[in-house]
Amino acid sequence: MARRGSSSGRWRHLHPGYYMKRPVRFAAVLTAFVLTTFVVWDRRSLLRDHEAEVSRLYDELNELQHQLREVGGHLGDGTEILSGTKEEMAKNNNVWKAEIDLVNSQRREKVKEAMLHAWNSYVKYAWGQDELQPQSMNGVNSFGGLGATLVDSLDTLYIMGLEDEFQKAREWIATSLDFNKDYEASVFETTIRVVGGLLSAYDLSGDKIFLEKARDIADRLLPAWDTPTGIPYNRINLAHGHAHNFGWTGGQSILADSGTEQLEFIALSQRTGDPRYQQKAEKVITQLQKTYPSDGLLPIYINPHSGVAASSSSITFGAMGDSYYEYLLKVWIQGNKTGTVKHYREMWEISMEGLLSLIRKTTQSSLSYICEKTGDSLSNKMDELACFVPGMLVLGSSDYDPEKAEKFLSLAKELAWTCYNFYQSTPTKLAGENYYFNGGEDMNVGTSWNILRPETVESLMYLWRFTGNKTYQDWGWNIFQAFEKNCRIDSGYVGLRDVKTGEKDNMMQSFFLAETLKYLYLLFSPPSLISFDEWVFNTEAHPLRIVTRKDGQDTEPTRISVAKPLGRKQGNEEQN
């Protein structure tokens, strides 16, 4: 009886009548319920605040260490106490640095192993074809049979010190790569992947076979620029030279497709001494300058006959707009920031002021995001593709005055946090293709596939190099682990059809090897490896050497010094 009575006593607390007779207890329970609900609802905001605080503390730690090193340098041969403090500081700093270097070395080796797995799978199942379909274990020529994955991987193999793999790829290019194909190629994709990949391999290795092949394919692309305005058509037959635009654009040229060849074609003119490539590519910018809007934001469709942008089309830093803005900054860097390329920087700064007009924040967690715009109407949609923006802002911020530099660096950090949350907000910890922020709400995934894109880790690499904040390395490592968990299979890497369910697709995109794994490797490597002082990345992550441009000397052949690759087994510490 006592046992049953004890049980009944416990169950009575679940009966509403118990609390109706005891209003004080009812108020206490109701208060507890409300507080618990508030805590649950507010957990993402608390997490964000925690991450932001950690990031701030890392920044302060880096600054304090810098100040301590300066103080230590000024102490000289002071008293014994000061001398001992200096030595202790140096010792502790070296221990701390060694621990970080060890972690980065281990992470770097994991990324290299992932590259080997992806590459060996391509070699086994899709050698010489454009891309691997890992699930069906076969190749597909999605770019007309130009060996896209092979060419895209050249510089990644070289940078990682995978010498045997690089030489195997080089031999195929020398003996089997043929561009005389009756194929309607995308001028944009062929330029950034094939021309860019070959030029980067040449800049790194000094092997002229890569320069010869780059010139061959570029010659086949040149007729695309034969329009009344110089704005290129975006498709061309590689064998016959017939150029036109995609039917779905209504005959218009695409902004990103037309404004993302300058780096490669300028580099090709510099390397060969032939001015035609540079002249064709730069005429596009000259044409756009004639009607450049005051906010620097261009719609994604441009008429190649009139040179006028279609005002009814959207403005975006995502698909079809993104890399145009990126190349304004990077051509200025490629020219070593001289007066000859000053107008690129000026156009970019105007566009960045326009970018500020597209920034909004959510009301719940204060997440910054980039809107899209059509006419006077804003859309609260942001592509994962636009996650290159934080890296671009960091890269360009240091040449502003201090106040503006801090403003754009702060924005870069805010946007990077949003992009990282694109990943963290899904069950697989991988980002969808785009997100919506309707009604000031936090992000909701729109198109839910993930095709192994690199943009977020690209920005994390830039942020880490410029700030020294290890948090960005940790974020990148979390993203890499999510790729390993969800996308790695025995025969390569696949994307996801749905980041919510983890359902896999059947494609290993060439840019996974060219960009995603390369940026992750560099994220865990010393900044001296492919230094920003000597190299600039094209939009497919192919590094090109920076060459000073001077009036009347743009087309003299550039002599290329060979970049020393890392040994297969060694780390990167000796690069410091």
Side-chain angles (χ1 to χ4, degrees), residues 44-67 295-297 317-318 322 325-326 328-330 332-333 345 348-372 378 380 382-425 435 437 440 442-443 455-476 519 523 527 532:
R44 286 190 64 190
S45 179
L46 291 173
L47 175 62
R48 180 188 184 282
D49 290 344
H50 171 70
E51 293 278 4
E53 179 66 12
V54 169
S55 177
R56 184 186 65 79
L57 289 174
Y58 268 120
D59 287 341
E60 289 184 1
L61 177 61
N62 289 326
E63 178 61 25
L64 285 171
Q65 286 178 329
H66 175 70
Q67 292 175 8
D295 61 4
L297 301 178
F317 279 79
D322 48 6
Y325 303 100
E326 175 188 0
L328 289 178
L329 175 65
K330 289 185 173 180
W332 175 69
I333 294 171
R345 172 75 192 198
W348 181 78
E349 289 191 5
I350 294 171
S351 297
M352 292 309 98
E353 292 300 321
L355 168 68
L356 295 177
S357 70
L358 302 179
I359 301 297
R360 296 292 184 273
K361 283 192 176 185
T362 63
T363 54
Q364 183 176 345
S365 299
S366 196
L367 294 170
S368 296
Y369 61 96
I370 308 172
C371 293
E372 297 183 351
L378 290 182
N380 293 299
M382 180 176 170
D383 289 349
E384 197 280 337
L385 279 165
C387 286
F388 83 96
V389 171
M392 176 184 67
L393 291 176
V394 172
L395 185 61
S397 66
S398 59
D399 288 274
Y400 278 114
D401 63 67
E403 183 178 348
K404 275 196 174 181
E406 178 56 35
K407 178 174 71 173
F408 280 106
L409 179 58
S410 177
L411 176 59
K413 293 176 180 179
E414 292 174 12
L415 291 172
W417 169 248
T418 299
C419 291
Y420 178 60
N421 274 277
F422 283 174
Y423 287 79
Q424 293 300 296
S425 64
Y435 286 79
F437 301 83
D442 285 354
M443 62 187 68
E455 286 75 22
T456 297
V457 293
E458 172 187 359
S459 284
L460 295 179
M461 188 271 291
Y462 280 101
L463 277 159
W464 171 71
R465 283 203 177 185
F466 276 89
T467 68
N469 189 337
K470 185 181 174 292
T471 298
Y472 300 116
Q473 292 180 311
D474 293 338
W475 291 358
Y519 282 133
L523 178 62
F532 290 162

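Starting from 1, each residue takes its place in the sequence as its number. Side chains are part of it too, since the values below use all heavy atoms of this structure and drop only hydrogens, waters and symmetry mates. Note that the structure is a prediction, hence the values are computed from the model and not measured.
- Here Asp322 contributes atom CG and Leu385 contributes atom CG; the two are 5.5 Å apart, rounded to the nearest 0.5 Å.
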Atom pairs and distances, donor-acceptor, side-chain atoms in residues 388-399, under 3.5 Å, two or more places apart:
{"unit_1": "Ser397", "atom_1": "OG", "unit_2": "Val394", "atom_2": "O", "d": "3.0"}
{"unit_1": "Asp399", "atom_1": "OD2", "unit_2": "Lys337", "atom_2": "NZ", "d": "3.0"}

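- A salt bridge links Lys330 to Glu326: one of the charged nitrogens lies within less than 4.0 Å of a carboxylate oxygen.
- Considering only residues two or more places apart in sequence or on other chains, Phe437 meets the ring-ring contact (aromatic ring centres under 6.0 Å, His included) condition with Tyr369.
- Contact annotation: the side chain of Ile370 never approaches that of Thr418 to less than 4.5 Å [non-hydrogen atoms, C-beta and beyond].
- Considering all non-hydrogen atoms of both residues, Cys371 and Leu378 come closest at CB-CD2, 4.2 Å.
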* Evaluate the criterion side-chain contact (heavy atoms from CB on, under 4.5 Å) for residue pair Phe408 and Leu356; output intermediate values, then yes/no. => CA-CA 9 Å; Phe408 280 106; Leu356 295 177; 4.0 Å; yes
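- Under the 4.5 Å side-chain criterion, counting only non-hydrogen atoms from C-beta, Leu411 is not in contact with Lys407.
- Residue Ser365 comes nearest to Asp442 through the heavy atom pair OG-OD2, 2.6 Å, listed as atom of the first residue, atom of the second, then distance.
- The backbone N or O of Leu523 lies less than 3.5 Å from a partner atom in the side chain of Gln473, making a donor-acceptor pair.
- Every side chain to side chain contact (heavy atoms under 4.5 Å, CB included) that Ile350 has, sequence neighbours left out, goes to Tyr292.
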* Show the numbers, then the answer: is there a side-chain contact (heavy atoms from CB on, under 4.5 Å) between Glu455 and Ser459? => CA-CA 6 Å; Glu455 286 75 22; Ser459 284; over 6 Å; no
* Please test Leu328 against Ser351 for side-chain contact (heavy atoms from CB on, under 4.5 Å), starting from the C-alpha separation and ending with a verdict. => CA-CA 9 Å; Leu328 289 178; Ser351 297; 4.2 Å; yes
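- Considering all non-hydrogen atoms of both residues, Ser357 and Leu297 come closest at OG-CD1, 4.1 Å.
- Side chain of Ser410 to main chain of Glu406: no donor-acceptor pair is present (N/O by atom type, distance under 3.5 Å, no hydrogens or angles).
- With a 4.5 Å cut-off on side-chain heavy atoms, Tyr472 and Val457 do not count as touching.
- Summarising the geometry, atom CH2 belonging to Trp348 is positioned 5.0 Å from atom CZ belonging to Arg345; distances are rounded to the nearest 0.5 Å.
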* Test side-chain contact (heavy atoms from CB on, under 4.5 Å) applied to Tyr423 and Trp475, step by step -> CA-CA 10 Å; Tyr423 287 79; Trp475 291 358; over 6 Å; no
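- At least one side-chain heavy atom of Cys419 sits under 4.5 Å from a side-chain heavy atom of Met382.
- For the pair Tyr400 and Glu349, the minimum side-chain heavy-atom distance is below 4.5 Å.
- Side-chain contact between Phe317 and Tyr325: present, with at least one pair of heavy atoms (C-beta onward) separated by less than 4.5 Å.
- When side chains are defined from C-beta on, Cys387 counts as touching Phe422, because their heavy atoms get closer than 4.5 Å.
- Here the rule is side chain to side chain contact (heavy atoms under 4.5 Å, CB included) with Ser368, and of Lys361, Arg360, Lys413 only Lys361 fits it.
- Between Met443 and Asn421 the shortest side-chain heavy-atom distance falls below 4.5 Å.
- Taken to the nearest 0.5 Å, the CG atom of Leu409 stands 7.5 Å off from the OG1 atom of Thr467.
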